[in-house]
Amino acid sequence: MPVKCCFYRSPTTEAMAWSENMDTLLANEVGLDAFRTFLKSEFSEENVEFWLACEDFKKTKNAEKIASKAQMIYSEFIEADAPKEINIDFSTRDLISKNIAEPTLKCFDEAQKLIYSLMAKDSFPRFLKSEIYKQLVNSQQVGNHKKWFPFL
């Protein structure tokens with residue numbers, strides 16, 4: 001039985017793997033950068049920025065930092081007219097607004113699920129059809145990522 005080696009993937013193979021699912025894309029630094037570049041071109045980068053902020057928030061251990069990070073996420077993404085306001089329904093926004101005074105590590109979970117679902121159903125399929133993604137898959141260059149990925 002042949003042994004599959006997975007220590008190295010060429011950038012082209014790596015880029016093709018991102019199409020498997022959005023988690024594969026988000027877990028890869030270069031893939032995430034490409035996706036962010038795409039979302040910026042569509043003026044919707046707040047979605048991935050919110051998702052990333054939530055991922056970081058859930059790793060917070062210090063109670064004081066939980067409160068300050070929660071307030072930062074709330075003021076940046078959730079409250080009305082926030083600079084990077086995300087598109088979530090009223091009931092989710094209202095629940096977060098009520099719970100922000102005493103936030104827990106789960107206070108943004110529902111909103112994060114909604115944004116993930118929005119990206120997975122809408123932005124991710126468009127990304128896979130975008131010129132940014134097609135150029136990554138079609139490129140045969142290997143080596144320096146900064147040369148290979150013009151957006152870095």
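Keep in mind that the numbers below use all heavy atoms, side chains included, and drop hydrogens, waters and symmetry copies.
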Which residues share a side chain to side chain donor-acceptor pair (under 3.5 Å) with [X], sequence neighbours left out:
| X | answer |
| --- | --- |
| Asp109 | none |
| Arg126 | Glu42, Asp122 |
| Lys129 | none |

What closest approach, in Å, do [X] and [Y] show between heavy atoms, and which atom pair accounts for it?
| X | Y | value |
| --- | --- | --- |
| Asn47 | Ile115 | O-CG2, 3.4 Å |
| Ser123 | Phe38 | O-CE2, 3.5 Å |
| Ala15 | Leu136 | CB-CB, 4.0 Å |
| Ala67 | Pro103 | CA-CG, 3.9 Å |
| Gln112 | Lys58 | OE1-NZ, 2.9 Å |
| Ile100 | Ala70 | CD1-O, 3.5 Å |

Checklist line | Cys107 side chain near Thr104 side chain, heavy-atom distance below 4.5 Å | finding: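 Result yes, sub-4.5 Å side-chain heavy-atom pair found.
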Item checked: Residue pair Leu52 / Arg36, side-chain heavy-atom distance below 4.5 Å ->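 When only atoms from C-beta onward are counted, Arg36 and Leu52 do touch, with a gap below 4.5 Å.
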Applying side chain to side chain contact (heavy atoms under 4.5 Å, CB included), name anything that partners [X], two or more places apart in sequence or on another chain.
| X | result |
| --- | --- |
| Ser91 | Asp89 |
| Asn28 | Glu14, Trp18, Val30 |
| Ala27 | none |
| Leu95 | Asn99 |

Checklist line | Inter- and intrachain pairs under ring-ring contact (aromatic ring centres under 6.0 Å, His included), touching residues 60-111, at least two apart | finding: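 For residues 60-111, and leaving out neighbouring residues, the ring-ring contact (aromatic ring centres under 6.0 Å, His included) pairs sorted by first residue read Phe50-Phe77, Phe57-Phe108.
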Using the salt bridge (Lys or Arg N to Asp or Glu O under 4.0 Å) criterion, which residues pair with [X]? Sequence neighbours excluded.
| X | value |
| --- | --- |
| Glu76 | Lys84 |
| Glu85 | Arg93 |
| Glu79 | none |

Note to self: Name the residue from Ile86, Asp56, Leu26 that meets the side-chain contact (heavy atoms from CB on, under 4.5 Å) definition with Trp51.
What the structure shows: Leu26
Rounded distance (nearest 0.5 Å) linking atom [atom1] of [X] with atom [atom2] of [Y]:
| X | Y | atom1 | atom2 | result |
| --- | --- | --- | --- | --- |
| Ile132 | Thr37 | CD1 | OG1 | 5.5 Å |
| Met22 | Phe127 | CE | CZ | 11.5 Å |
| Glu20 | Leu128 | CD | CG | 11.0 Å |
| Thr92 | Leu114 | OG1 | CG | 5.0 Å |
| Met119 | Lys121 | CE | NZ | 13.0 Å |
| Ile78 | Ile73 | CD1 | CD1 | 8.0 Å |

Next item on the list: For atom CG of Asn21, decide whether the heavy atoms of other residues, nucleotides or ligands shown that lie under 6.0 angstrom number more than 12.
Entry: yes
Note to self: So for atom NZ, which belongs to Lys65, do other residues, nucleotides or ligands contribute more than 12 heavy atoms lying within a distance under 6.0 Å?
What the structure shows: no
Next item on the list: Any chance you could lay out the side-chain contact (heavy atoms from CB on, under 4.5 Å) test for Asp23 and Tyr116, step after step, and finish with the verdict?
Entry: CA-CA 10 Å; Asp23 289 333; Tyr116 181 92; 2.7 Å; yes
Note to self: Treating Ser117 as the side-chain partner and Lys113 as the backbone partner, does any N or O pair qualify as donor plus acceptor under 3.5 Å?
What the structure shows: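 Answer holds: no.
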Note to self: Going by salt bridge (Lys or Arg N to Asp or Glu O under 4.0 Å), name the pairs with one or both residues in residues 99-108, residues two or more places apart or in two chains.
What the structure shows: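 Listed once each, the pairs would be none.
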